[in-house]
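Contents: one structure, followed by commentary.
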Amino acid sequence: MSTRITTIHGYVQALPRASQRDEAAKIALVTDNGDIYHILHKAAGVDLIDHISSTVEGTGTVTPIPVPEGTERDVNEFFLLVRSYRLRDDFENSWYDDPEE
């Protein structure tokens with residue numbers, strides 16, 4: 001299993017209890033394309049629980065979550081150990097389109 005350091009843009013979302021497999025993550029960073037990065041409750045990721053629904057740019061170590069044999073996933077899921085993060089303006093999202101502007 002490989003790990004890599006990367007920067008991810010998305011919003012912070014609480015994970016449902018069923019998703020908290022090993023209690024390693026209670027929140028996730030969800031990207032525009034639907035990838036889910038389970039934020040490990042260590043390092044800078046501890047602070048992100050206070051920012052549910054905020055748009056965040058997070059940098060850290062990404063590790064793919066293994067898929068059990070015989071099962072399939074609709075989305076890609078990863079563990080993210082956040083080294084640093086930056087809260088972003090909510091109106092920078094690609095889904096935000098105000099015809100008045």
Kindly give the heavy-atom pair with the smallest separation between [X] and [Y], and that separation in Å.
| X | Y | result |
| --- | --- | --- |
| Ile39 | Ala25 | O-CB, 3.3 Å |
| Thr59 | Thr7 | OG1-OG1, 3.0 Å |
| Ala43 | Val82 | CB-O, 3.3 Å |
| Leu40 | Leu81 | CD1-CB, 4.2 Å |
| Tyr37 | Leu80 | CB-CB, 4.0 Å |

Examine Tyr85 and Ile49 and state if one hydrophobic cluster contains both, with Ile, Leu, Val, Met, Phe, Trp and Tyr joined whenever side-chain heavy atoms are less than 4.5 Å apart.
-> yes
Reported [atom1]-to-[atom2] distance for the pair [X] and [Y], which is rounded to 0.5 angstrom:
| X | Y | atom1 | atom2 | value |
| --- | --- | --- | --- | --- |
| Ile65 | Ile36 | CD1 | CD1 | 8.5 Å |
| His41 | Leu48 | NE2 | CG | 10.5 Å |
| Ser84 | Asp47 | OG | CG | 11.5 Å |
| Glu77 | Thr63 | CD | OG1 | 13.5 Å |
| Lys42 | Arg83 | NZ | CZ | 13.0 Å |
| Thr55 | His9 | OG1 | NE2 | 11.5 Å |

Close side-chain approach of [X] and [Y], heavy atoms under 4.5 Å:
| X | Y | answer |
| --- | --- | --- |
| Val62 | Ile8 | yes |
| Val56 | Leu87 | yes |
| Glu72 | Val67 | no |
| Leu29 | Val12 | yes |

